[in-house]
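Everything numeric here is computed off the predicted structure, so don't read it as measured data.
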Number of protein chains: 2
Amino acid sequence: MTAPRTHGPRERMVFAAAQLIRRDGVGATGMRDVAARAEAPRGSLQHYFPGGKEQLVNEAVTWAGRYAGKRIDRYLAALPEPTPGALFAAMTKQWIDEFEATGFGTGCPVAAATVDSTASTPSAREATATAFASWSTPLTAALTTLDVPPTRAPALATLMISTLEGAILLSRAQESTTPLMTVTKELTPLLNASTTP
Amino acid sequence: MTAPRTHGPRERMVFAAAQLIRRDGVGATGMRDVAARAEAPRGSLQHYFPGGKEQLVNEAVTWAGRYAGKRIDRYLAALPEPTPGALFAAMTKQWIDEFEATGFGTGCPVAAATVDSTASTPSAREATATAFASWSTPLTAALTTLDVPPTRAPALATLMISTLEGAILLSRAQESTTPLMTVTKELTPLLNASTTP
DNA sequence: TGCGCTCTATGACGGCCGTCATAATACTGG
DNA sequence: CCAGTATTATGACGGCCGTCATAGAGCGCA
C-alpha cells in the first residue's frame, strides 16, 4: 500500500485550478497554467482528469465548497462570544484579512464558476449548486447551535452567504474592504435578534 | 445634424456585449458574436471601438451600471407603499420575474466583469467600480427620500446591492428563485426599521 | 528477468480568438 | 458632380487553447 503523500499531484492540480479560477475566472484559466501552478506534469492532466477541463473545474468548485463548509465549523468553535452576528463577522473577517494581505486580485471560485459556466455547462452548474450546499448546510447547523430556531436557520444561512458573496464582489470592484465591513455592521443586529434565548 | 436613430449600430453592439457577458462571462464572449448578435457589421467593431475588446467590455459594463441606476428611480416612483423594504422587494422581483420568464442562464454583467477581469484588466476593474457607483448613488438618494437618515442610507444601499448580487448567484447556481425570495423576506424588516418617521 | 500497470513526456492538430491590413462603399458638405 | 470622411467588408496572421496520439519511464510482483 503506497502511503499516500499528504498532497499528491492530483490534489495539487485541483487546488491550483481553484486558485486560478478565483483569480482569472474559468475561461481565462488554462490547463497548462494549472499544471504549471501545481508543479505537476502536464501529461498527468489527461490521466487524472479524463473528463478534461470540465471535470477539473467541477472538482475544484466542489472542493472549494467543502472547504468553505469546514471553515464554518472552525469559526464556530473559535467564537469568543457565540452569536450569529459574531459568526458572520468571522466569515467576513477572513475576506477582509485576505484582501488586506494579498490585494483584491482573488475572489470566490464558486462565484466565478457560477458566472462563467452556468449557462454553458450543466455539470458545472450542478457543481456550483452542491458547492453552495456544502457551505450552507454546516452554516445552518451552526446557526441552530447558536439558538437560532431551526425554521429560521436555513433562511439566515442563505442571507449570510448571499450578502457575503455580494460584498466580495463590491469590495473587489472598488478595491476596498468597506463593503465587507459595512454589511457586517448592518447585518449583525438582525442576526443577533433572531435567537430564541 | 444627423437625426440620430434611436439605436445606432454602436449602441446595439454595446448592448449585445452586455447581454452576452451576463450570460457567458467576459472571456467566453467573442467580438464576432457581439457583432452578430447586434446585427452589426463586423468591420464596425474596430471603427467604433478602436480600443478593442477592452473598450467594448468597459462600455457595456458602464452602460449596465447606468441602466441599473435608472431603474431605481423608476421603481421608487412606482412603489405602492413607499418603504425601503418595498424598494428592495421591487429590485429582487425584477430578477425573480426574469428568471421565471427566461430561465437562469443570464445574470448580472457587472458581476461577471468583476469576476472575470478584476485581476487582469485594471481599466475593467475601474469600469465595474463606476458601474456599481452609478447603481448605488441613486439607490442611496432613493433611500433618503424614503426617510432613511442620510448617515445610514449609503450603508443600506451597499447592503442591498451586496445581498441582491449574492442572491442572484445563489439563484442561478441552484436554478431556483428561492434565494432571492428568502433574502427579500429576511431583509425587509431590517430595512423598514431604519426609517426616521 | 519480464510482464503489466500507473504515471509522465511531448509534439501535433484543429479551432477559435482578437487584431490588423486593405479595400470597397456610402454619405455629407461644397 | 466631386472630394473627403464615415462606415462597412473581408481575408489573413499569429497566438493560445483543449484535446489527442504516441511513446517513454518507473515500479511492484511473480
Side-chain angles (χ1 to χ4, degrees), chain A residues 1-18 20-21 23-61 112-113 116-117 119-124 127, chain B residues 1-18 20-21 23-61 112-113 116-117 119-124 127:
Chain A
M1 194 77 62
T2 60
R5 298 284 299 280
T6 44
H7 291 307
R10 194 183 195 284
E11 296 169 83
R12 289 206 311 275
M13 285 192 275
V14 172
F15 181 71
L20 292 176
I21 288 170
R23 191 187 61 188
D24 302 320
V26 174
T29 295
M31 303 284 277
R32 291 165 174 84
D33 305 336
V34 171
R37 172 93 163 194
E39 293 180 286
R42 210 193 87 198
S44 299
L45 276 172
Q46 72 178 286
H47 184 253
Y48 290 113
F49 307 95
K53 184 176 186 177
E54 184 174 332
Q55 179 186 358
L56 176 59
V57 169
N58 292 356
E59 292 201 23
V61 169
D116 275 343
S117 36
S120 55
T121 317
S123 77
Chain B
M1 195 74 62
T2 60
R5 299 281 299 283
T6 45
H7 292 306
R10 195 183 194 284
E11 297 168 83
R12 289 207 310 273
M13 286 192 274
V14 172
F15 181 71
L20 292 176
I21 287 170
R23 191 188 61 188
D24 301 322
V26 174
T29 294
M31 305 284 275
R32 289 165 174 85
D33 305 336
V34 171
R37 172 94 166 197
E39 293 181 283
R42 211 193 84 195
S44 300
L45 276 171
Q46 72 179 286
H47 184 255
Y48 290 114
F49 307 94
K53 184 176 185 176
E54 185 174 332
Q55 180 186 357
L56 175 59
V57 169
N58 292 356
E59 291 201 24
V61 168
D116 273 344
S117 37
S120 56
T121 317
S123 76

Spacing between [X] atom [atom1] and [N] atom [atom2], to the nearest angstrom:
X	N	atom1	atom2	value
B:His47	C:dA23	NE2	C1'	14 Å
A:Glu39	C:dA9	CD	C1'	17 Å
B:Arg10	D:dT8	CZ	P	12 Å

At what angle, to 10 degrees, do the two end axes of the helix from C:dT1-D:dA30 to C:dG30-D:dC1 meet, given five pairs define each axis?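 Rounded value for the end-axis angle: 0°.
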Between A:Asn58 and A:Ala124, which heavy-atom pair has the shortest distance, and what is it?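 What the structure gives for the nearest pair is OD1-CA, 3.3 Å.
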Please give me the minimum heavy-atom distance between A:Val26 and A:Ser117, naming the atom from each residue.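 Scanning both residues completely, I find the closest heavy atoms to be CG2-OG, 4.3 Å.
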Side-chain donor-acceptor pairs of residues 32-52 of chain B under 3.5 Å, sequence neighbours excluded:
from, atom 1, to, atom 2, distance (Å)
B:Asp33, OD2, B:Gly30, N, 3.3
B:Arg37, NE, B:Gln19, OE1, 3.3

For B:Asp24, all residues meeting side-chain hydrogen bond (donor to acceptor under 3.5 Å, both in side chains), sequence neighbours excluded: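 Result, side-chain hydrogen bond (donor to acceptor under 3.5 Å, both in side chains) vs B:Asp24: none returned.
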Under the side-chain hydrogen bond (donor to acceptor under 3.5 Å, both in side chains) test, residues paired with A:Asp116 that sit two or more places apart: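 Once residues adjacent in sequence are excluded, A:Asp116 has no partner under the side-chain hydrogen bond (donor to acceptor under 3.5 Å, both in side chains) criterion.
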Taking only residues two or more places apart in sequence, or in another chain, which ones meet A:Ala112 in a side chain to side chain contact (heavy atoms under 4.5 Å, CB included)?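 With sequence neighbours excluded, A:Ala112 shows a side chain to side chain contact (heavy atoms under 4.5 Å, CB included) to A:Ile21, B:Val115, given in chain and number order.
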D:dT8 phosphate, OP1 or OP2, under 4.0 Å from B:Tyr48 side-chain N/O: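 It does, given that an N or O in the side chain of B:Tyr48 lies less than 4.0 Å from OP1 or OP2 of D:dT8.
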OP1 or OP2 of D:dT8 versus the side-chain N and O atoms of B:Ser44: is any pair under 4.0 Å?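 B:Ser44 to D:dT8 OP1/OP2: side-chain N or O found under 4.0 Å.
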Please list all pairs passing the salt bridge (charged side-chain N to carboxylate O under 4.0 Å, His left out) test where one or both residues lie in residues 44-61 of chain A, with sequence neighbours left out.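 Sorted pair list: A:Arg10-A:Glu59.
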Base, backbone or nothing for each nucleotide of nucleotides 16-23 of chain D, written B, S, -, heavy atoms under 4.0 angstrom, 5' to 3'? -SBBBB--
